[in-house]
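Everything on this sheet refers to the single structure shown next.
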Amino acid sequence: MVKHQPLQVYERQLCLSCLTGIYGCRWKRYQRSHDDTTKWEFLWSLILFFTFSLLLVWFYFWWEAHNDYNEFNWFLYNRSGEWIDGTVPILATTAAGFTYIAFLMILALCHIAVGQQLNLHWLHKVMLKCAICGVFATGPFLHLGALVAVTALAWLVAGQVARSEKTMFQVVVLLLYLSVLLGLYMAPLSITSPCIMDHANLTPRPDVIGHQGAPMLAPENTILSFQRALQMNVSGLEADVAISLDGVPFLMRDRTLRRTTDVEKVFPDRQLDDASSFNWTDLHSLNAGQWFLKEDPFWTVQSMAQREVMLVGNQSVCSLEQLLRLATLHNHTVVFDLRRPPHGHPCYHSWINDTLGSRSICHALSVMLSLALCVSLSVCTGDRGQVRQVAPGLQQMSVEKLPPQVLHQQGISRLLLRYSQASPDDIREFSRSNVSVTLYTVNEPWLFSVLWCSGVSSVSSEAPNILRKVPYPIWLIPDEYCLIWVAADLISFTVVIGIFVFQKWRLSGMHSYNPEQIMLSAAVRRSSRDLNIMKEKLIFSEVSNGVGSAEDLYMENGFDYYNNEGISH
C-alpha cells in the first residue's frame, strides 16, 4: 500500500515576508527561495558591506571633526561670501545615509540567518551607487567596536560553514573570517598614542588662550567676548589686528566687514571693501553683535538671558588699545597677529610703526611689560627687524615650523602652529630647546587631552568654556591598555570558538526543511524556474479544496514521485 504525505497547511510568516519584501520586493510566498545566492547578487552583498564600512568611517570622521566646524564654516565664508553652517547638511546627509545602509545590512544578515536567497531590489542598488559616489574617504576606526562586530558575525559564519556541504566553500569562508579576526587582534600593534604613558610623566596642564575671546559665548573680537574668556580662567587672549585708514589698530579676523558687522546696512556701497579702508570713526559706529544673534553660529543664543541678549546686540568693533587695557587690568598675556593693509593704504609702508609706535599703544605695552606680562606677536619674516626697533620688549613668534637652531638665530622663542602640524616628537624637541609651542584651534576635550599628553605648553581655543571642564586628560592609559587589548582578544577568541562548536553540534546531522519546499526536494536536480512553477501549483492546490494531489503535480512536471520520494508498504 502506497502512503502519500498530505500537503501541510501554510502558515503566514509575517516577519519573513517583511524581510524579503523590504530587501528585494519579494512579498509573495512563491517568490522566496532557499537556493544559493547568485554570484551577481553575492557581489552586490559585498558592495553593500563595503559601503556600510565606508559610511561608518565617514560618519566617525565628521563626528570627531567637530573641533574644526567653525574653521570649516569660515573657509566656506571666504569662498562664498555668505556665512552658513555648512556642517549641518553634511551631518544630516551622512546620518540619513548611514541609517539607510545599516538597515539594509541588518536585512542582509537576517536573510543569511534564515537561509533566504539574497536578491537586492534595483532601487536599493541605485541608492547604493549614490552612497558610494557621494562618500569616498578613509580614516581611523574603533578597534574594540570592530572587534565586537566581527565576533558577533561568528554566529552567521559558523552557521553557513556547518550547513554547507562543499569543502571548498567552508575553507574559503573560514580563511576570510579568520584573516579579518587575526588582523583585528594584531591591530593595536600599529596603534600609537601619546596618552599611553605613565601618570608620573604627565606634564602640567597646558595654558588655554582665548582665540578671539570666547566666540561661542559672545561675538568674536569684541570686548564682551574677551570678558567672557577671562571668566573662563584663560591664561591669555589672542586676536587678529588690522589698521584703519587713519592709523588706529583694531581687531578683525576677516578681510571685509560683511560677516561680523552691519556694514551692509550702514555703508551698503562699501560692504565688499577691505576693513582697513574704513577710518576708526566709521568702524566704531558699526554694530558687531547683531550678526551673532541672527546667525547663532554655535547654537548658544537660545540659552542666553534677555539681559545678555541685549548686551550682545550692542557690541562694537574693538581696538587693540582696548584689548591691551583689559589684559593689563586682569594680568593676562596677549597674543596677536599683525596684518598688513592692502596696497594704496596710507600706512602700507609704515604699518608696523603706526601700529606699535603710537602713543596709546606704546603706553599700554610698557605697562604690560612692567608687570612682567608677556606680549607676543606674529609678523612676516621680513618685518621682524622693524618690530625689534619699534618695540624691542615684545616677544616674537613664528607661524612656520622651523628647526630650533634657526628659531634661536632669529630671536624667536615661541611657535604658533596648527595642531596637525606638530607631532608629539616635534613638541618634545622644541620643549628641550626652550621653544614654547602654542597649537590652534583646539576646541574639543579629546583633542586637548591628546595634546596635553604630548607635552604642549599652551593651546589657542575658541571654546575656553568647554576646555575649562577638563581638569585631567580624558585618555591616559598606562599598562591597562595592554591588559584591555589582550583581554578583549582572549574573550573574543573564546566566544568565536564556542560559537563554532555550538553551531557544529546544533546542526550536525540535522537538515532544515522549509514548509514551501516539502515534497519539492528530489534526488534529481531541478532548475530554479521549474521549482518556482511547482511551488505556485502547490499553493493553488491548497486553495482548490483538496482537488488534486502532490503526486499529480509532480507527474505533470515529469517528476517520478515514487522513485524519488520512497514507497512504503
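Hydrogens, waters and symmetry mates play no part in the numbers below; they use all other heavy atoms, side chains included.
- Counting only heavy atoms from C-beta outward, the side chains of Cys380 and Asp383 approach each other to under 4.5 Å.
- Side-chain contact check for Ser413 versus Gln395: some heavy-atom pair is nearer than 4.5 Å.
- Under a 3.5 Å cut-off, the side chain of Tyr185 and the backbone N or O of Phe493 do form a donor-acceptor pair.
- Taking NE2 of His408 as the start and CG of Asn434 as the end, the distance is 6.0 Å to the nearest 0.5 Å.
- A distance of 9.0 Å separates CZ of Arg259 from CE of Met252, quoted to the nearest 0.5 Å.
- Side chain of Ser433 to backbone of Val435: no donor-acceptor contact under 3.5 angstrom is found.
- Looking only at side-chain heavy atoms (C-beta outward), Phe250 and Ile243 stay at 4.5 Å or farther from each other.
- Remark: side-chain polar atoms of Ser370 are paired, donor with acceptor, to backbone N or O of Ser366 under 3.5 angstrom.
- How far CG of Asp240 is from CG of Leu251: 8.5 Å, rounded to the nearest 0.5 Å.
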Fill in: Residues Ser460, Thr441; criterion side-chain hydrogen bond (donor to acceptor under 3.5 Å, both in side chains); working and verdict
CA-CA 5 Å; Ser460 175; Thr441 305; 5.5 Å; no
Fill in: Full working for side-chain contact (heavy atoms from CB on, under 4.5 Å) between Phe336 and Glu238
CA-CA 5 Å; Phe336 56 89; Glu238 180 184 358; over 6 Å; no
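- Rounded to the nearest 0.5 angstrom, Glu295 CD and Gln290 CD are separated by 11.5 Å.
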In a table with atom names and distances, give each donor-acceptor pair under 3.5 Å that connects a side chain of residues 420-431 to protein atoms at least two apart or in another chain.
from   : atom 1 : to     : atom 2 : distance (Å)
Ser420 : OG     : Arg418 : NE     : 3.3
Gln421 : OE1    : Arg418 : N      : 3.0
Ser423 : OG     : Asp426 : N      : 3.3
Ser423 : OG     : Asp426 : OD2    : 3.1
Asp425 : OD1    : Arg428 : NH2    : 2.4
Asp426 : OD2    : Lys401 : NZ     : 3.1
Asp426 : OD2    : Ser423 : N      : 3.2

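- Ile361 is listed as a side-chain neighbour of Leu365, based on a closest heavy-atom distance under 4.5 Å.
- Side-chain contact check for Ile352 versus Asp354: every heavy-atom pair is 4.5 Å or farther apart.
- Between the side chain of Arg340 and the backbone N or O of His349 there is no donor-acceptor pair closer than 3.5 Å.
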Item to complete: Please step through side-chain contact (heavy atoms from CB on, under 4.5 Å) for the pair Arg255 and Arg339, ending with a clear verdict.
Response: CA-CA 10 Å; Arg255 280 287 180 180; Arg339 188 172 70 218; 3.5 Å; yes
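- For the pair Val456 and Val459, the minimum side-chain heavy-atom distance is below 4.5 Å.
- A 4.5 Å side-chain heavy-atom check between Ser398 and Leu407 finds at least one atom pair inside the cut-off.
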Under 3.5 Å, side-chain donor or acceptor atoms of residues 224-232 against the rest of the protein: list the pairs with distances, not counting sequence neighbours.
from   : atom 1 : to     : atom 2 : distance (Å)
Ser225 : OG     : Gln212 : O      : 2.8
Ser225 : OG     : Ala214 : N      : 2.8
Arg228 : NE     : Glu308 : OE2    : 3.4

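- Applying the side chain to side chain donor-acceptor pair (under 3.5 Å) definition to pairs two or more places apart or across chains, those involving residues 324-335 are Glu321-Arg325.
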Discussion item. Evaluate Phe448 against Ile466 for side-chain contact (heavy atoms from CB on, under 4.5 Å), listing each step before the verdict.
Written reply: CA-CA 10 Å; Phe448 180 69; Ile466 296 177; over 6 Å; no
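- One distance of note links OG of Ser378 with CG of Leu338; it measures 8.0 Å at 0.5 Å rounding.
- The minimum heavy-atom distance linking Ile223 with Gln322 is given by the pair CD1-CB, 3.8 Å.
- Using a 30° and 60° split on the angle between ring planes, Phe500 and Tyr177 fall in the tilted class, from 30° to 60°.
- At least one donor-acceptor pair under 3.5 Å links the side chain of Asp296 to the backbone N or O of Trp299.
- In this structure, Val241 and Thr355 approach most closely via the heavy-atom pair CG1-CG2, 4.4 Å.
- Nearest approach of Ile474 to Trp446, heavy atoms of both residues: CD1-N, 4.0 Å.
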Discussion item. side-chain hydrogen bond (donor to acceptor under 3.5 Å, both in side chains) for Ser449 and Tyr472? Distances and angles first, verdict last.
Written reply: CA-CA 7 Å; Ser449 300; Tyr472 199 75; over 6 Å; no
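- When all heavy atoms of Met216 and Phe292 are compared, the pair lying nearest together is O-CZ, 3.9 Å.
- Annotation: side-chain hydrogen bond (donor to acceptor under 3.5 Å, both in side chains) contacts of Thr261 (sequence neighbours excluded): none.
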Fill in: Intermediate values then yes/no, salt bridge (Lys or Arg N to Asp or Glu O under 4.0 Å), Arg253 and Glu462
CA-CA 13 Å; Arg253 182 182 186 184; Glu462 296 171 341; 3.7 Å; yes
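- The residue from Gln405, Arg384, Gln396 that alone fulfils the side-chain hydrogen bond (donor to acceptor under 3.5 Å, both in side chains) condition with Gln410 is Arg384.
- Side-chain contact, Thr438 with Arg414: a donor N or O sits under 3.5 Å from an acceptor N or O.
- By the ring-ring contact (aromatic ring centres under 6.0 Å, His included) test, Phe103 pairs with no residue at all, sequence neighbours left out.
- With a 6.0 Å radius and a threshold of 12 heavy atoms from other residues, nucleotides or ligands, Phe49 has its CZ atom at or below the threshold.
- Panel note: side chain Ser235, backbone Val208; a donor-acceptor pair is recorded below 3.5 Å.
- One N or O on the side chain of Ser244 and one on the backbone of Val248 form a donor-acceptor pair closer than 3.5 Å.
- With Trp351 contributing its side chain and Pro341 its backbone, the two residues share no donor-acceptor pair below 3.5 Å.
- Once rounded to the nearest 0.5 Å, the distance linking CG of Asp207 with OG of Ser461 reads 12.5 Å.
- For the pair Leu176 and Val180, the minimum side-chain heavy-atom distance is 4.5 Å or more.
- Scanning all heavy atoms of the two residues, the minimum distance from Cys318 to Thr222 falls at CB-CA, 4.2 Å.
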Item to complete: Evaluate the criterion side-chain contact (heavy atoms from CB on, under 4.5 Å) for residue pair Leu237 and Val335; output intermediate values, then yes/no.
Response: CA-CA 6 Å; Leu237 303 173; Val335 178; over 6 Å; no
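- Not a single ring-ring contact (aromatic ring centres under 6.0 Å, His included) links Tyr440 to another residue, sequence neighbours left out.
- The two residues Pro342 and Tyr348 have their closest heavy-atom pair at O-CD1, 3.5 Å.
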